[in-house]
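Each remark here refers to the structure printed beneath this line.
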Protein chains: 2
Amino acid sequence: MDQVERILAQWRAERPDLDVAPMGTIGRVKRLNVHLSQGMERVITAHGLTAAGFDVLATLRRAGPPHALSPSALIAWTMVTSGTMTNRIDRLEEAGLVTRRRDPDDGRGSVVALTDAGFALIDQVVGEHVANQHRLTEALSDDERARLDELLGKWLASFED
Amino acid sequence: MDQVERILAQWRAERPDLDVAPMGTIGRVKRLNVHLSQGMERVITAHGLTAAGFDVLATLRRAGPPHALSPSALIAWTMVTSGTMTNRIDRLEEAGLVTRRRDPDDGRGSVVALTDAGFALIDQVVGEHVANQHRLTEALSDDERARLDELLGKWLASFED
DNA sequence: CTCCAATAGTTTGACGTCAAGATAAACCAA
DNA sequence: TTGGTTTATCTTGACGTCAAACTATTGGAG
């Protein structure tokens, strides 16, 4: 019995008129997200990165050569606002992990690219990060994880189409 | 195909040495949590509340009479730090939605209780909130939601035991 | 051509959160 | 008792985030 079940039991006692089944599902997603974020944060901060910075570096790394994207593209991948992305890029630039140049084809735009140091760092941290993610999902069998992916994917698609 | 599938495809192309299956599951939880938080926020802010304040009021409400808990208990239910909870209670107290008294039985502790205004507000907002949660889970059938609950519950229990 | 709406990023100000340290009371072993 | 440890809460300072306003550039309608 997880903590969410206790929360639902309280609501059923206090507000039996409400059908709180969806609250249970949503609550589990929320609490799981907190536990997972905390679990991933340790590995990331151990390398002097923040979760926010890691997110951007990883997006550039997996985009493939030349490991460069516009702030707009980074925003679309990472689900943050433009102001947040400006701030993230500022800090990564200060740290020497990315560069920011004007887009030669569009005077409004710019291009954010991994530096050699940024590439080396993210490429190493991602390895540990993935290993850590395996640990964090250990409680589920491969089959269970696959069934979970299918259900989460269907739900997620309802928001991202 | 959700956005996470595209992210995994990029990693598989760039770093075929990594098994990114767990990243997919964790990524879906994270993105779903963002969509759900945004979807719930609108209903909550429409009543002049923040998600943070709602969280505390709801915890007090479902605890049942006399709708009063210590900051420690609120911290345990809501997964935030003590400093965060102090700040949340401060704001709710300013808004006249809760009161804070010293615990007569323990001079270190205190008791946070819903005011009549706080009770009336949360009791109304929760109704709309639950209806909204039904909307947010519409993409899944009852059976799918139940299977999802079982898998999420098992995973969550691995962190909360 | 000339505007003017749309687009790309940045800036600003406020807020929620956290980690770490401070304070005060309670507990407990000697 | 007494002194040290633990517990409960608050304070402080820094950071990440957002919404909204702002600047600069582009692109299309007339």
Side-chain angles (χ1 to χ4, degrees), chain A residues 30-31 33-35 37-42 44-46 48-57 59 68-95 97-113, chain B residues 30-31 33-35 37-42 44-46 48-57 59 68-95 97-113:
Chain A
K30 178 180 172 178
R31 295 182 72 94
N33 185 60
V34 172
H35 289 296
S37 297
Q38 289 175 350
M40 294 187 291
E41 187 121 4
R42 282 184 297 101
I44 290 167
T45 58
L49 281 174
T50 62
F54 175 87
D55 198 16
V56 173
L57 295 182
T59 303
L69 293 170
S70 66
S72 299
L74 289 168
I75 288 166
W77 282 114
T78 58
M79 302 184 85
V80 298
T81 62
S82 59
T84 296
M85 188 51 68
T86 295
N87 183 42
R88 286 182 176 190
I89 296 167
D90 285 348
R91 302 203 173 246
L92 290 171
E93 199 176 19
E94 284 165 23
L97 301 172
V98 305
T99 58
R100 176 157 39 187
R101 300 188 305 271
R102 295 227 72 69
D103 182 337
D105 300 334
D106 185 337
R108 297 167 302 181
S110 56
V111 179
V112 180
Chain B
K30 177 179 172 179
R31 295 182 73 93
N33 185 61
V34 172
H35 290 296
S37 298
Q38 288 175 351
M40 294 187 292
E41 186 121 4
R42 281 184 297 100
I44 289 167
T45 58
L49 281 174
T50 62
F54 174 88
D55 198 16
V56 173
L57 295 181
T59 304
L69 293 170
S70 66
S72 299
L74 288 168
I75 287 166
W77 282 115
T78 58
M79 302 184 83
V80 298
T81 62
S82 60
T84 297
M85 187 52 67
T86 296
N87 183 42
R88 286 182 176 189
I89 296 167
D90 285 347
R91 300 198 176 251
L92 291 170
E93 199 176 19
E94 284 165 24
L97 300 173
V98 305
T99 58
R100 176 157 38 188
R101 301 187 307 270
R102 293 229 73 70
D103 183 337
D105 300 334
D106 185 337
R108 296 167 302 180
S110 56
V111 179
V112 179

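So that the names make sense, note that chain A is the first sequence line, chain B the second, and so on, each numbered from 1.
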Under 4.0 Å from OP1 or OP2 of C/dC18: is there any side-chain N or O of B/Thr84 that close? yes
I need the CD1-C1' distance between B/Ile75 and D/dT7, as an integer number of Å. 12 Å
Quick one: B/Asn33 CG to D/dT17 P, roughly how many Å, whole number? 14 Å
Examine C/dT10: is either OP1 or OP2 under 4.0 Å from a nitrogen or oxygen in the side chain of A/Arg100? Give yes or no. yes
For the side chain of A/Ala52, starting at C-beta, report the closest nucleotide among C/dA19, C/dT10, D/dG16. D/dG16
Rounded to whole Å, please give me the gap between CG in A/Asp105 and P in C/dT7. 19 Å
CZ of A/Arg88 versus C1' of D/dC18: gap in Å, rounded? 12 Å
So for A/Ser72 and C/dT7, does any side-chain atom that can act as donor or acceptor lie under 3.5 Å from a complementary atom in the base? no
Give the rounded distance in Å between these two atoms: CG of A/Asp90 and P of C/dT12. 12 Å
Out of C/dA19, D/dA19, C/dT17, which nucleotide sits closest to the side chain of B/Asn87? C/dT17
Would A/Glu93 and A/Val112 count as a side-chain contact (heavy atoms from CB on, under 4.5 Å) here? Give the steps. CA-CA 9 Å; A/Glu93 199 176 19; A/Val112 180; over 6 Å; no
Could you check which of C/dC18, C/dG9, D/dC10 has an atom nearest any side-chain atom of B/Thr86? D/dC10
Does C/dG9 have OP1 or OP2 under 4.0 Å away from a side-chain N or O of A/Arg102? no
Can you tell me the distance, in whole Å, between the CD atom of B/Gln38 and the P atom of D/dC18? 8 Å
Please report, rounded to the nearest Å, how far the P atom of D/dC10 is from the CG atom of B/Asp103. 12 Å
Using OP1 and OP2 only, check whether a side-chain N or O of B/Arg108 sits under 4.0 Å from C/dT23. no
Indicate, with a heavy-atom threshold strictly under 4.0 Å, whether A/Asp106 touches base, sugar-phosphate, or nothing. sugar-phosphate
In whole Å, I'd like the distance from the CZ atom of B/Arg101 to the P atom of D/dC10. 14 Å
Side chain of A/Arg91 only, heavy atoms from C-beta on: which candidate in D/dC10, D/dC15, C/dG9 is closest? D/dC15
What are the two closest non-hydrogen atoms of B/Arg108 and B/Arg102, and how far apart are they? O-NH2, 3.6 Å
Hey, does A/Gly83 reach any base, or is it just sugar-phosphate, or nothing, if we go heavy atoms under 4.0 Å? base
